[in-house]
There are 2 protein chains.
Amino acid sequence: MSVSTASLAFSGSGPIADATRSRVLDAAQALAYAGPNPLGRQLRRGRSGIVGVIMGDALRRAFRDPVAVQVLDGLTSTLGPLGLGVLLVPGPHDPSQPAVDPLLESAAMDVAVQMWGGTTDDPVLEMLRRRGTPTVLVEGTPQPDVAAVGIDDQGGMTELTRHLLDLGHTRIATVTLPFDRDRSEGAATPARLARISWEITRRRLAGVRDAGVTPTVVYETPASLVENGAAAGRALLSAPDRPTAILCQSDLLASGVVLAARELGLRIPQDVSVAGFDGLDLPWLAPDVLTSVAQPLARKGAVIGEAVAELLAGRTPEPRVLPVELRVGTTTGPVPTT
Amino acid sequence: MSVSTASLAFSGSGPIADATRSRVLDAAQALAYAGPNPLGRQLRRGRSGIVGVIMGDALRRAFRDPVAVQVLDGLTSTLGPLGLGVLLVPGPHDPSQPAVDPLLESAAMDVAVQMWGGTTDDPVLEMLRRRGTPTVLVEGTPQPDVAAVGIDDQGGMTELTRHLLDLGHTRIATVTLPFDRDRSEGAATPARLARISWEITRRRLAGVRDAGVTPTVVYETPASLVENGAAAGRALLSAPDRPTAILCQSDLLASGVVLAARELGLRIPQDVSVAGFDGLDLPWLAPDVLTSVAQPLARKGAVIGEAVAELLAGRTPEPRVLPVELRVGTTTGPVPTT
DNA sequence: GGCGGGGATCGAATCGATTCGACCGTCGCG
DNA sequence: CGCGACGGTCGAATCGATTCGATCCCCGCC
């Protein structure tokens, strides 16, 4: 009984007599052989069937974010049927810059997906380039030789801002995602505003400016969580010249602002309008429905999956920018007539 | 220049002259060699460094569940420093039973973690046993040769039920997690109650009975989401002989019930008490704080990680049952005096 | 009866790194 | 001056499956 015959028996392809096949399978059973070792196959094929997903600087934060989670869901749904597995790779840790995760350097992956594209000078992308791993960059600064998938967040934010302008708002504050790895909190100084290394934050901010609006305050948060939004909301709404509208760069932040407003006894949207970004389904905000810019989350995951497949086929996919859609809810209304 | 020398140069271990090492590294640079191929290393070592995490029947549901997500977070935090990666493996799809995910059969993994242990007759466990993959079973029916990690949910539920009894409640309804893959919705018939294949649902229900309580209604939900809880809450609270307390098998379900109660104009806890399970932090339920049984989520992930490490070391870890803790919030109170 | 063809099976090379034992050169010590 | 020891380098075997080409056998046809 030769090895090659056994291989044929297991793989199912190639010419093989039924009798032989069953003889092989019986012998396998008798010897408690568990079937082909994937490692051998992978080495031979030169493919591991694994797509590494690099999740920002800490998985814990990433997992708390429904946006990331839903995109990941769409991605796995697309990749699963292709026989590809998703390997979660923690990004570099916060404190020491040089320490890149050991997995990133040594894990076998056919393609890497860098979620929310990181900053302009990301060491992760550099590492991937060195290792020669084809990469899909999500929501990042365009790079040569790297597939890109993103949404039209700048345009969406402009549309959302215009919606507020149409309602007569002029004192508009904005609550943003983190600027960089430092993750400061509070009203941003002009100096700080000039150095935003996180692409997504910068683009959404640019969208506001495109509508001709200069926010009265740009409030930076250390993370896109409800509690961070609540903190921002409390700060902005208890200030003397409070804004009539608050534009948030994520729905979770906006939810926090809504909760803070309720806490302070302010009516929405009569006293203050609040808008978010992402288009999440937030049943617990009832009876309010957040005005937001919806991005196609599951579809984004699927499109990333398609880009992965393209890269595996040796092709370089075109950059994809997915459309977003303004969804007016109950949290925005005409400016109060004082 | 021999292959073995090059290997020495890259691995860093073993005796090697500095001059030689730099000569090797220079040559590597010149030839655009990206460093050792992980697949070769893995084959030689017989280890892939990958831990497969099998996430119920659909990733999408799993990801929406903060409990799963937080455990996963704790797990990755433990596994990362050990140089182990987490591979997400979708479980078998709903409709056709025979179809087990191709990844499950063919992915390289040193250890598998079966999240929320599945049902008693789980095809996944059978498959893993056949492949000879050491397995950690989370919240499942005990199995020979399988490491087990769980929480004392039965005891916790008993304690929670006693808390309601102490407050004078007698008409107690319960809202449960799914019974099985069918995922029905509505009040469960005795016949159906007798055949609960999902271990976790059965144990939490048993915890209620251990306190001597027979629920007036056992309301089954198709998934542990806020909207399912809201549907259950509406059904239970608009019935003629509505319960004075509703015991939910998860915090998300309980949140839904709280929202449904608010919607119906019922005061909590004056008109109805609501309790959950898991101990999630739910800022958006404010001003209410859910009475719940807290389980140590991140720690559970860490303990699973330890079990994985034990298995990799060739040892068989003891079954672990983590303690839970009753946390009384503002959503439970004395029974209404009619 | 002989030859051609086709289906089944087998050998051997290959993927890439690791690692053990062997070998070689040099240095130090007696 | 010679021998032993040690640090450095190299060969070759090994992990396990895949796959191409070669071989072999049997059957059918001339």
Distance below 4.0 Å between A:Ser4 side-chain N/O and C:dT9 OP1 or OP2
no

Which residue, A:Val3 or B:Ser2, contacts DNA chain D at a nucleotide closer to its 5' end, judged by nearest heavy atom?
B:Ser2

For A:Gly49, does its backbone N or O pair with a side-chain atom of A:Asp110 as donor and acceptor, under 3.5 Å?
yes

Please report the interatomic distance NZ(A:Lys300) to CE(A:Met115), rounded to the nearest 0.5 Å.
8.0 Å

Would the distance check show the side chain of A:Arg131 and the main-chain N or O of A:Leu104 forming a donor-acceptor pair, the cut-off being under 3.5 Å?
yes

Rounded to the nearest Å, what distance is computed from the CG atom of residue A:Asp18 to the P atom of nucleotide C:dG7?
15 Å

At less than 4.0 Å, is any side-chain N or O atom of A:Arg41 found next to OP1 or OP2 of D:dT18? Yes or no.
yes

Rounding to a whole Å, what distance do you find between A:Gln42:CD and C:dG16:P?
14 Å

Rounded interatomic separation in angstrom, taking CZ from A:Arg21 and P from C:dA8:
10 Å

Starting at atom CG of B:Leu39, determine the distance to atom C1' of D:dG16, rounded to an integer number of angstrom.
13 Å

Within this structure, what is the CZ-to-P distance between A:Arg47 and C:dT14, rounded to whole angstrom?
22 Å

Does a side-chain N-to-carboxylate-O contact under 4.0 Å join B:Asp26 and B:Arg23?
no

With no hydrogens and no angle check, is any side-chain donor or acceptor of B:Ser22 less than 3.5 Å from a backbone partner on B:Asp18?
yes

How many whole angstroms separate atom CZ of B:Phe10 from atom P of D:dT9?
15 Å

Under 4.0 Å, heavy atoms only, any strand: does A:Leu43 hit a base, just the sugar-phosphate, or nothing?
base

Between B:Ser7 and C:dT18, is there a contact of a side-chain N or O with OP1 or OP2 at under 4.0 Å?
yes

Which is more 5' along DNA chain D, the nucleotide nearest B:Arg45 or the one nearest B:Thr20? Just name the residue.
B:Thr20

Expressed as a whole number of angstroms, how long is the span from A:Leu8:CG to D:dT19:P?
10 Å

Between B:Gly40 and A:Ile16, name the one whose nearest nucleotide on DNA chain C is closer to the 5' end.
A:Ile16

Side-chain N or O of A:Thr5 less than 4.0 angstrom from OP1 or OP2 on C:dC10?
yes

Between CZ of B:Arg44 and C1' of D:dA12 the distance, given in whole Å, is 11 Å

